[in-house]
Amino acid sequence: MLHCSFCDKSQHEVRKLVARGDNDQVTICDECIEMCIGIINEQSLVEAEHRPKELFDYIVRQHQLIDQARDRANKALDRLNVSLPPSTDSQH
């Protein structure tokens with residue numbers, strides 16, 4: 001049985017476990033990946049706050065990520081034959 005190399009949860013305790021290396025020596029679960037993404041995003045924002053160009057690039061990237069997530073959600077809902085309410089610009 002595989003376990004996350006970071007939090008030690010088993011492959012049965014998480015949604016997804018990503019393995020890397022020979023014989024799956026290094027693994028990371030979806031929960032740890034999400035936590036790492038949050039840390040990276042927070043650090044990027046802190047660094048960007050003092051540089052307008054980097055802050056603008058950060059905001060643009062966040063909007064792109066939101067749009068991509070919305071597209072994935074819409075595709076999933078289409079498969080379930082359900083729809084999201086129309087989006088407004090105020091949601092960004």
Side-chain angles (χ1 to χ4, degrees):
M1 181 182 311
L2 296 175
H3 289 81
C4 177
S5 299
F6 296 85
C7 69
D8 203 38
K9 289 183 182 176
S10 78
Q11 64 194 57
H12 302 294
E13 296 177 281
V14 296
R15 286 177 290 152
K16 192 74 167 177
L17 191 64
V18 179
R20 175 77 172 151
D22 295 333
N23 299 322
D24 302 325
Q25 293 175 0
V26 179
T27 58
I28 186 167
C29 70
D30 59 301
E31 295 172 9
C32 287
I33 290 171
E34 288 177 20
M35 180 180 63
C36 291
I37 290 170
I39 291 168
I40 290 168
N41 283 339
E42 286 177 24
Q43 186 61 36
S44 295
L45 181 58
V46 168
E47 291 172 359
E49 286 177 340
H50 302 291
R51 297 186 304 272
K53 169 88 171 82
E54 284 82 2
L55 181 57
F56 175 79
D57 291 343
Y58 174 85
I59 292 169
V60 168
R61 180 68 182 136
Q62 294 306 307
H63 282 273
Q64 290 170 341
L65 293 172
I66 291 167
D67 290 341
Q68 291 168 0
R70 184 179 299 115
D71 290 344
R72 288 190 305 270
N74 282 328
K75 286 178 185 176
L77 292 172
D78 284 345
R79 290 182 184 150
L80 297 172
N81 201 21
V82 179
S83 62
L84 285 175
S87 66
T88 64
D89 289 336
S90 63
Q91 291 177 334
H92 283 272

For this session: Applying side chain to side chain contact (heavy atoms under 4.5 Å, CB included), name anything that partners Gln64, two or more places apart in sequence or on another chain.
Result: Val60, Arg61

Exercise. Which pair of non-hydrogen atoms, one from Cys4 and one from Thr27, has the smallest distance, and what is that distance?
Worked result: CA-OG1, 3.4 Å

Cut-off 3.5 Å, no hydrogens considered: what does the side-chain donor-acceptor table look like for residues 28-37, sequence neighbours left out?
unit_1, atom_1, unit_2, atom_2, d
Asp30, OD1, Arg15, N, 3.3
Asp30, OD1, Lys16, N, 3.1
Asp30, OD2, Arg15, NE, 3.0
Asp30, OD2, Arg15, NH2, 2.7
Glu31, OE1, Lys9, NZ, 2.4
Glu34, OE2, Arg15, NH2, 2.8

Problem set entry | Reference residue Leu17; test side chain to side chain contact (heavy atoms under 4.5 Å, CB included); the match among Gln11, His3, His12 |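 With Leu17 as partner, side chain to side chain contact (heavy atoms under 4.5 Å, CB included) holds for just one option, Gln11.
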
Exercise. Do Ile59 and Gln62 come close enough that some side-chain heavy atom pair is under 4.5 Å?
Worked result: no

Problem set entry | Residues which pass salt bridge (Lys or Arg N to Asp or Glu O under 4.0 Å) with Lys75, listed by chain and number, not counting sequence neighbours | none

